[in-house]
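Below is one structure, written out as structure tokens, with a few remarks after it.
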Amino acid sequence: FHEWLGDSWGVLFSHPADFTPVGTTELGLAARLQEEFAQRNVKVLALSVDGVESHKKWIEDINDTQYAQVNFPILADEDRKGAELYDMIHPNASSTMTVRSLFIIDPAKKIRLIITYPACTGRNFDEVLRGVDSLQLTDYHAVATPGNWKPGGDVVIVPSLQDEEEIKRRFPSGYIAVRPYLRMTQDPRKKT
């Protein structure tokens, strides 16, 4: 996995089984978003407890019904070792059915964000992309992203940054101190 990921970010997400209706829509959506993932240097990898031959047939269905081209790998986890290792087995649905777990992994191979949905609820891939955007922004700037933040929106200056000269250098557009601990500024990637 680490070799495949290289210096990219990764999104690893599990599915209850092949040929499930919600999973079919999710994999189709992930396939249609490949350009968005590529722009962010993100590789996508799915996991299902079914085998390779089942995956191949399912991919045909996904491509046909979701008007997509699945071009990312789907791990065959027939022995459920991966699903069990990462706590992906749904406790109330089945001893074999995985929950909809999703991990965003950074280039240092660290899990940075985990989202888990029950088997009955499809993932929000807008939120997945927003999570990647937030992680990448906050890795390179001394900011955090507020609730409901969207790329380009105002951000929070981290409380650990207290030196006023450093703040001026990092945020030339200025900031608003709502409270001493809550200082809002423009997305530092915006041109002023």
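Starting from 1, each residue takes its place in the sequence as its number. Treat the numbers as computed from the prediction; the structure is a model and nothing was measured.
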Residue list, side chain to side chain contact (heavy atoms under 4.5 Å, CB included) with Glu3, at least two apart or on another chain: none

Inter- and intrachain pairs under salt bridge (Lys or Arg N to Asp or Glu O under 4.0 Å), touching residues 17-26, at least two apart: Glu26-Arg100, Glu26-Arg123

Please, which pairs that meet salt bridge (Lys or Arg N to Asp or Glu O under 4.0 Å) have at least one residue in residues 41-54, sequence neighbours excluded? Glu53-Lys56

Residues forming a side chain to side chain contact (heavy atoms under 4.5 Å, CB included) with Asn71, sequence neighbours excluded: Gln34

For Pro159, which residues count as a side chain to side chain contact (heavy atoms under 4.5 Å, CB included) partner, sequence neighbours excluded? none

Criterion side chain to side chain donor-acceptor pair (under 3.5 Å) against Trp58, the qualifying member of Thr24, Thr20, Asn63: Thr24

Check which hydrophobic residues are tied to Val22 through side-chain heavy-atom contacts below 4.5 Å, counting indirect links as well, and list them. none

Please enumerate all residues that pass ring pair (Phe, Tyr, Trp, His ring centres under 6.0 Å) together with Tyr86, with sequence neighbours excluded. Phe103

In chain order, what residues pass the ring pair (Phe, Tyr, Trp, His ring centres under 6.0 Å) check against Phe125, with sequence neighbours excluded? Phe13

Just wondering, do Leu12 and Leu102 contact through their side chains at under 4.5 Å, heavy atoms? no

N-O pairing of Arg169 and Glu165 below 4.0 Å: no

Who passes side chain to side chain donor-acceptor pair (under 3.5 Å) against Arg179, sequence neighbours left out? none

Of all residues at least two apart in sequence or in a different chain, which pass the side chain to side chain donor-acceptor pair (under 3.5 Å) check with Asn41? Ser8

Salt bridge (Lys or Arg N to Asp or Glu O under 4.0 Å) pairs, two or more places apart, involving residues 138-163: Arg112-Asp139

Under the side chain to side chain contact (heavy atoms under 4.5 Å, CB included) rule, collect the residues that match up with Pro146, sequence neighbours excluded. Trp149, Val156, Met184

